[in-house]
Amino acid sequence: MKHTTSTGITFHEYGQGDKTILFIHGFIFDSSLWQRQIPALTGDYKIIVPDLRGFGESTDCDGMITMESYVDDLFEILKETGVKKPVLAGLSMGGYAALRTAERSPEKFSGLILFDTRAAADSDEAKLKRATGVRILKQGGLKTYATALMDSVFSQGFKEKEPDEFQGFIDRASEIRPEGAIGALLAMMGRTNTTSFLESTTLPVLAICGEFDTLTPPTEMLQMMSNVKNGEFHIVPDAGHAAPFENFTECNKLLTNFLRKISF
Ligand code: MLT
């Protein structure tokens with residue numbers, strides 16, 4: 001069922017019950033990123049999948065976004081649905097948002113699932129790259145930008161095996177309002193470092209990385225997870241930076257095993 005919060009965030013809700021997972025998509029995706037998780041989980045869990053502000057159907061966006069405002073939007077969903085102690089799952093930029101959301105109020109969550117992401121803030125090099133992105137997007141280059149980004153997100157094997165799905169992601173990304181993409185770049189550029197939270201939390205943490213992820217590579221995620229108290233890390237074969245879509249069979253197995261151990 002589709003809902004929109006009083007603050008303009010559209011989200012879909014599937015399944016029923018007290019055990020909820022909130023899935024947060026990455027850049028430049030929307031809630032459709034999670035379509036291969038929903039059938040595997042709705043029998044046992046309630047699933048909430050928002051479109052972050054400026055993406056998908058959450059079009060109410062003036063381009064002035066911060067990581068904190070994404071987090072405010074996520075808390076508003078929890079407030080309006082009345083959902084208690086969900087597991088937060090995020091991919092890449094969605095992982096940045098999940099980490100910061102849990103850092104703000106860890107007692108409100110039952111666990112964290114981090115796909116293809118990092119806890120560190122942007123390096124100067126990354127900030128400059130984002131500034132170039134903002135310039136390209138302001139000059140009307142969304143399609144070129146989205147095509148190049150998606151090319152680096154997905155593994156070669158996925159592009160060859162599922163060309164229509166790959167093209168679908170490029171097409172959806174090319175159609176968003178440029179303010180959404182620009183706002184996301186600025187939000188990521190200005191986000192805080194959540195490493196000390198990740199290393200001190202007692203929440204159960206599942207981290208998953210595609211073997212061919214070049215944007216947040218397995219070596220970097222392994223390092224990120226090395227001091228996490230209650231964490232597990234898995235490298236998923238035949239996947240790039242969008243592991244839960246590219247190799248959903250393996251990711252869904254890891255998800256269900258992890259979720260079975262959580263006390264919600
Ligand atoms: C994403 O997939 O969300 C982006 O690659 C994250 C980023 O640009 O840091």
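Values below: every heavy atom of this structure, side chains too, minus hydrogens, waters and symmetry copies. Whatever order the structure lists them in is the order used to number ligands and atoms, beginning at 1.
- In this view, E165 and R36, F158, E162, F245 satisfy the side-chain contact (heavy atoms from CB on, under 4.5 Å) rule, not counting sequence neighbours.
- With sequence neighbours excluded, no residue forms a side-chain hydrogen bond (donor to acceptor under 3.5 Å, both in side chains) with H25.
- Considering each of G94, A242, A184, S92, the one bringing a non-hydrogen atom nearest atom 6 (C) of ligand 1 is S92.
- At least one heavy atom of Y96 sits less than 4.0 Å from an atom of ligand 1.
- Here the CD1-OG distance, from I262 to S110, works out to 7.0 Å after rounding to the nearest 0.5 Å.
- A donor and an acceptor atom, one from each side chain of T216 and D213, are located under 3.5 Å apart.
- The M188 neighbourhood of ligand 1 comprises atoms 6 (C), 7 (C), 8 (O), 9 (O), with distances under 4.0 Å to a heavy atom of that residue.
- Considering both main-chain and side-chain atoms, G26 never comes within under 3.5 Å of ligand 1 through any nitrogen or oxygen pair.
- Annotation: H241 places an N or O atom under 3.5 Å from an N or O atom of ligand 1; distance criterion only.
- A ring-ring contact (aromatic ring centres under 6.0 Å, His included) with F115 is found for one member of W34, Y96, F23 and no other, namely W34.
- Scanning R191, M93, R130, M150 for the heavy atom closest to atom 8 (O) of ligand 1 points to R130.
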